[in-house]
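Presented below is the structure to which this report refers.
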Amino acid sequence: MTVENVFVIAVNLSGKSERHFQSSLDELVSLCKTAGGQVQGVITQNRERIHPATYIGEGKLQELARIVEAEKIDLVVANNELSAGQIRNLADALGVRVLDRSQLILDIFAMRAQTKEGKLQVELAQLEYLLPRLHGQGANLSRLGGGIGTRGPGETKLETDRRHIERRIYDIKRRLQLVVKQRDQYRKRRRSNDVFQIAIVGYTNAGKSTIFNRLTNSQSLEEDQLFATLDPLTRRLQFPSGLKSLMTDTVGFIQDLPTALIAAFKSTLEEVAEADFLLHVVDISDPDLLQQQETVRKLLKELDAGNLPVLTVYNKKDQLEADFFLANQFPNIQISALEEADLRSLLIKIEEVLKDEWDFFDIVLDSGEGDVLYQLQSNVLVIKKELIEETNQFHVQGYVRKNHPFHRYVEEK
């Protein structure tokens, strides 16, 4: 990956908290590194409102132009969404390429997408973002010669032809509809089997894939970078009690995620809403964890998944510098995904939470109902199973989901 010299610019609007602004800025620097850039510096400006023509004020723009020339900067990235006019004016004044936060995120997604569906969704998001910004971008876009911001549709020079882009958007949407139908059929099959489904959600780089891999013996990508996982992966998982489930690793959330990207990845993120239970993984060592938790909760509401049962998993406790940590989400557990004992504790904790969520049952099965006993052990949370020798029956106790077919069975028993 070619390393480019990047300079970050950001406007802190009055009314925004200093903490939120700094968190967003730190995140943008991390995004630049993930995209293959070397951040040489940051310029910030406090303003009542963003400058309509150049994003930052004239004085700051002149200061930035001197820095760009002196430090041989290749790319300037703004922390807010820019209009086509602002991008053009900044590029003309600075003589280098200019991107905004949304374009940078889209570029990283284009770099990370592995599946055919993921690549189509990223391209759709990029084209829909580009379409309203075509006017006046020609000169800036003609300078694209590889590097950050040029992955995806930029390489095919589609930006010069509005009709071509519109046709391509229509074509991608049509192809994605077929993928969505296939995904829906797959979900219906899973639903008809009544398999307990868990989705791992959380802020990007919180350690979701590490937990997923360790629990399911999988090989999804683990990197200390933003958006290491893009395409969702589902694997089987068995609990200590014998309960079987499916676990899905999902794309990491981030504040100010481009609207076009949320829309494009709706079908992928719907995996979250289809789940029966959520593991919300939080990086306990991150100073911005409160902000990150709020971002995840907000996005879950947008995905109609705000009312699902959740266990908050405070991960990376081995990196926590303080002597103690005061959790603000319940129920919760503190772990290090690298510790086997902690992962076992996590599975036990999930079972504890499920006992609070599910209904208790206490039944006796005849010796001829061995197949029912086997099904129960896989589909419900069995806490006691013993043979009554005098009657050659099984005494079984456990917990069952309210919407599971076995709920009616144990009620009738």
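Please read these numbers as outputs of a predicted model, since none were measured by experiment.
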Checklist entry - Going by an N to O cut-off under 4.0 Å, is there a salt bridge joining Arg297 and Glu294? => result yes

Checklist entry - Salt bridge between Arg175 and Glu123, side-chain N to carboxylate O under 4.0 Å? => result no

Checklist entry - Going through the distances and angles, do Asp288 and Gln292 end up as a side chain to side chain donor-acceptor pair (under 3.5 Å)? => result CA-CA 6 Å; Asp288 293 316; Gln292 293 172 1; 5.2 Å; no

Would you check if the side chain of [X] reaches a backbone N or O of [Y] as a donor-acceptor pair within less than 3.5 Å?
X: Arg168; Y: Leu127; value: no
X: Ser23; Y: Arg19; value: no
X: Lys244; Y: Gln377; value: no
X: Ser345; Y: Ala341; value: yes
X: Asp366; Y: Gly368; value: no
X: Glu351; Y: Ser241; value: yes

Item to check | From CA spacing to verdict: side chain to side chain contact (heavy atoms under 4.5 Å, CB included), Tyr314, Gln329 | outcome: CA-CA 10 Å; Tyr314 289 107; Gln329 297 297 305; 3.5 Å; yes

Checklist entry - Are Leu64 and Ile73 close enough, and set up right, to give a side chain to side chain contact (heavy atoms under 4.5 Å, CB included), and what steps lead you there? => result CA-CA 10 Å; Leu64 178 59; Ile73 300 299; over 6 Å; no

Can you find a heavy atom in the side chain of [X] that is under 4.5 Å from one in the side chain of [Y]?
X: Asp359; Y: Lys402; value: yes
X: Ile363; Y: Leu376; value: yes
X: Ile50; Y: Gln86; value: yes
X: Leu311; Y: Leu346; value: yes
X: Met247; Y: Arg235; value: no
X: Leu279; Y: Val310; value: no
X: Phe21; Y: Leu13; value: no
X: Leu300; Y: Leu278; value: yes

Next on the checklist: As a test of understanding, state which of Leu354, Leu347, Val380, Val382 forms a side-chain contact (heavy atoms from CB on, under 4.5 Å) with Leu243.
Outcome noted: Leu354

Contact summary for [X] and [Y], nearest pair of heavy atoms:
X: Leu61; Y: Leu94; value: CD1-CD2, 4.1 Å
X: Ala35; Y: Ile108; value: CB-CG1, 3.9 Å
X: His280; Y: Gly202; value: CD2-CA, 3.9 Å
X: Ser367; Y: Asn392; value: CB-O, 3.2 Å
X: Leu343; Y: Ala337; value: CD1-O, 3.6 Å
X: Val6; Y: Cys32; value: CG1-SG, 3.9 Å

Would you say [Y] and [X] are linked by a side-chain donor-acceptor pair, where the criterion is simply a distance under 3.5 Å?
X: Gln375; Y: Asp371; answer: no
X: Asn12; Y: Thr44; answer: no
X: Asn5; Y: Gln38; answer: no

Residues, nucleotides or ligands: over 12 heavy atoms within 6.0 Å of [X] [atom1]:
X: Tyr374; atom1: OH; value: no
X: Lys385; atom1: NZ; value: no
X: Arg167; atom1: CZ; value: yes
X: Glu340; atom1: CD; value: no
X: Asn328; atom1: CG; value: yes

Item to check | Steps toward side chain to side chain contact (heavy atoms under 4.5 Å, CB included) verdict (Leu131, Arg162) | outcome: CA-CA 7 Å; Leu131 195 58; Arg162 180 179 293 275; 3.8 Å; yes

Next on the checklist: For a side chain to side chain donor-acceptor pair (under 3.5 Å) check, start with the C-alpha distance between Tyr55 and Asn80, then their side-chain angles and the critical distance, and finish with the verdict.
Outcome noted: CA-CA 9 Å; Tyr55 180 62; Asn80 301 80; 2.4 Å; yes

Checklist entry - How far apart are the C-alpha atoms of Gln197 and Asp276, what are their side-chain angles, what is the distance that settles it, and do they pass the side chain to side chain donor-acceptor pair (under 3.5 Å) test? => result CA-CA 5 Å; Gln197 297 180 55; Asp276 301 298; 4.8 Å; no

Checklist entry - Would the Phe360 and Tyr399 ring centres measure less than 6.0 Å apart? => result yes

Item to check | Of Asn315, Asp342, Asp318, the residue whose pairing with Ser336 passes side-chain hydrogen bond (donor to acceptor under 3.5 Å, both in side chains) | outcome: Asp318

Next on the checklist: Using side chain to side chain contact (heavy atoms under 4.5 Å, CB included), reason through Lys355 and Leu381 one step at a time and then give a plain yes or no.
Outcome noted: CA-CA 8 Å; Lys355 288 174 188 176; Leu381 189 56; 3.7 Å; yes

Next on the checklist: Can you classify the ring geometry of Phe196 versus Phe277 as parallel (below 30°), tilted (30 to 60°) or perpendicular (above 60°)?
Outcome noted: tilted

